[in-house]
Chemist: 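Next up is a structure, given as structure tokens.
Basis for what follows: all heavy atoms, side chains included, without hydrogens, waters or symmetry-related copies. Keep in mind that this is a model prediction, so the values were computed, not measured.
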There are 2 protein chains.
Amino acid sequence: MNMVLNNNSVEKTMLNAIKQEMPDINTLFSLAELYKVFGDTTRIRIMCALFNRELCVFDIAEIIEMGQSAVSHQLRILRSAHLVKVRKDGKQSYYSLDDDHVKEIFHLGLEHITEEK
Amino acid sequence: MNMVLNNNSVEKTMLNAIKQEMPDINTLFSLAELYKVFGDTTRIRIMCALFNRELCVFDIAEIIEMGQSAVSHQLRILRSAHLVKVRKDGKQSYYSLDDDHVKEIFHLGLEHITEEK
DNA sequence: TCAACGAATGAACATTTATTCATATGTTCA
DNA sequence: TGAACATATGAATAAATGTTCATTCGTTGA
């Protein structure tokens, strides 16, 4: 028998079992994509401003003190992640949070960082 | 009175009120930093492998099919975000999740992406 | 109809980030 | 002690990302 043994903590068959039980790679990829969207201060601030109200692009830009273009670009990213939604009214686009998950994810993250040693 | 009026949805005073109620910028920055760590498929997969057990670096590398060096680099990032912790035993370093938040954040994210239209 | 305005978009640039390769560190055991 | 091994780390490279600037699109109202 020409079996290759590894001398690590876990047996080869066990490693394979762990591989099997992992969620499929596409799911994990989507998950990473979602968190990537949360992983930017500008987008976090935008979501934060939208916590209790809808706002148009110009007002968001004022609140977070950034240019209209930058805000608009980030809003597109937030939109495609289904984190914010738009309502158009005349010349303006009003954005609001799309989903309760946003607040929940936000709060969980806060818990983690405030509990840090 | 030389007050500049804006003709957007919300009055200037209201905008300032919203600015005031925003969490301070350092908190939001840390929050973004935390989610940035979740925002990478390799790190997500590592955390996932560690969901129910501790593993040494070599085994993690086997499970997620990446090089030892890449895994080690990512573990350092996870460690400094307090998401995983190490226990050293002889030649090996055993990593495990540091915190229940990891699982909670993970599951919330999964909920969000599976509910998408 | 056309000027003014709010928002969206594309291209360019600078910065950040993940991976790889090579090497260093630290531990075990022969 | 020194060879073998597990892990960590530094430098280099390639790829991804955020912001800015310039421009376009779409709507309003004079």
Chemist: Listed in order of residue number, which residues of residues 35-42 of chain A have a non-hydrogen atom at under 4.0 Å from DNA chain D?
Modeler: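 Nucleic-acid contacts, sorted: Lys36(A), Asp40(A), Thr42(A).
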Chemist: Testing the basics here: between Lys36(B) and Arg43(B), what is the closest heavy-atom pair and its distance to 0.1 Å?
Modeler: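 What the structure gives for the nearest pair is O-NH2, 3.1 Å.
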Chemist: Parallel, tilted or perpendicular: which fits the ring planes of Phe38(A) and Tyr35(B), with parallel below 30° and perpendicular above 60°?
Modeler: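 Because their plane-to-plane angle lies in the 30° to 60° range, the rings of Phe38(A) and Tyr35(B) count as tilted.
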Chemist: What is the distance, to the nearest angstrom, from the CZ atom on Phe29(B) to the P atom on dG18(D)?
Modeler: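 In whole Å, dG18(D) P and Phe29(B) CZ are 13 Å from each other.
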Chemist: To the nearest angstrom, how far is Ile77(B) atom CD1 from dT16(C) atom C1'?
Modeler: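 These atoms are roughly 11 Å apart.
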Chemist: Determine the minimum heavy-atom distance between Lys19(B) and Glu62(A), stating which atoms define it.
Modeler: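 Where Lys19(B) meets Glu62(A) most closely, the heavy atoms are CE-O, 3.4 Å.
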Chemist: If every non-hydrogen atom of Ile46(A) is compared with every non-hydrogen atom of Leu75(A), which pair is closest and at what distance?
Modeler: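 Between these two residues, the closest heavy atoms are CG2-CD2, 3.8 Å.
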Chemist: What closest approach, in Å, do Ile63(B) and Ala49(B) show between heavy atoms, and which atom pair accounts for it?
Modeler: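 What the structure gives for the nearest pair is CG2-CB, 4.2 Å.
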Chemist: Compare every heavy atom of His82(B) with every heavy atom of His112(A), then report the nearest pair and how far apart it is.
Modeler: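 The answer is CE1-O, 3.4 Å.
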Chemist: Send over the distance from Arg76(B) CZ to dT9(D) P, rounded to a whole Å.
Modeler: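 Rounding to the nearest Å, CZ of Arg76(B) and P of dT9(D) are 7 Å apart.
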Chemist: Above 12 or not: heavy atoms from other molecules or residues under 6.0 Å from CG of Asp24(A)?
Modeler: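 Yes, the 6.0 Å shell around CG holds more than 12 heavy atoms from other groups.
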Chemist: Considering non-hydrogen atoms only, spot the tightest contact between Leu97(B) and Leu50(B) and give its length.
Modeler: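 Of all heavy-atom pairs spanning Leu97(B) and Leu50(B), the closest is CG-O, 3.6 Å.
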Chemist: Taking only side-chain nitrogens and oxygens of Arg43(A), does any of them come within less than 4.0 Å of OP1 or OP2 of dG18(D)?
Modeler: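 So the side-chain polar atoms of Arg43(A) do come within 4.0 Å of the phosphate oxygens OP1 or OP2 of dG18(D), strictly under.
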Chemist: For dA8(D), does either OP1 or OP2 sit under 4.0 Å from a side-chain N or O belonging to Tyr95(B)?
Modeler: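 Yes, Tyr95(B) has a side-chain N/O under 4.0 Å of OP1/OP2 on dA8(D).
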Chemist: Any strand counts, and the cut-off is 3.5 Å on both contacts for Watson-Crick or G-U wobble. Which nucleotide pairs with dT17(D)?
Modeler: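 Pair assignment: dT17(D) / dA14(C).
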Chemist: Verify the cluster assignment for Phe29(A) and Ile77(A): are they in a single hydrophobic cluster under the rule of side-chain heavy atoms below 4.5 Å apart?
Modeler: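 The answer is no; the residues belong to distinct hydrophobic clusters.
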Chemist: Whole Å only: how far is the CD atom of Gln92(A) from the C1' atom of dA4(C)?
Modeler: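 So the CD-C1' distance, Gln92(A) to dA4(C), works out to 13 Å.
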Chemist: Using a 4.0 Å cut-off on protein heavy atoms (strictly under), produce a 5'-to-3' string for nucleotides 21-30 of chain D with B for base contact, S for backbone-only sugar-phosphate contact, and - for none.
Modeler: BB---BBS--
Chemist: OP1 or OP2 of dA8(C) versus the side-chain N and O atoms of Ser93(A): is any pair under 4.0 Å?
Modeler: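 Yes, Ser93(A) has a side-chain N/O under 4.0 Å of OP1/OP2 on dA8(C).
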Chemist: Under 4.0 Å, heavy atoms only, any strand: does Ser72(B) hit a base, just the sugar-phosphate, or nothing?
Modeler: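 Base contact - Ser72(B) has a heavy atom under 4.0 Å of at least one base atom.
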Chemist: Can you check the Leu78(A) CG to dA8(C) C1' distance for me, whole Å?
Modeler: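 Rounding to the nearest Å, CG of Leu78(A) and C1' of dA8(C) are 15 Å apart.
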Chemist: Report the distance from atom NZ of Lys88(B) to atom P of dT7(D), rounded to the nearest whole Å.
Modeler: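 Distance, rounded to whole Å: 9 Å.
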Chemist: Rounded to the nearest angstrom, tell me the gap between atom CD in Glu65(A) and atom P in dT20(D).
Modeler: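 That distance rounds to 13 Å.
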Chemist: Rounded to the nearest Å, what distance is computed from the CG atom of residue Leu75(B) to the C1' atom of nucleotide dT9(D)?
Modeler: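 The distance from CG of Leu75(B) to C1' of dT9(D) comes to 13 Å, rounded to the nearest Å.
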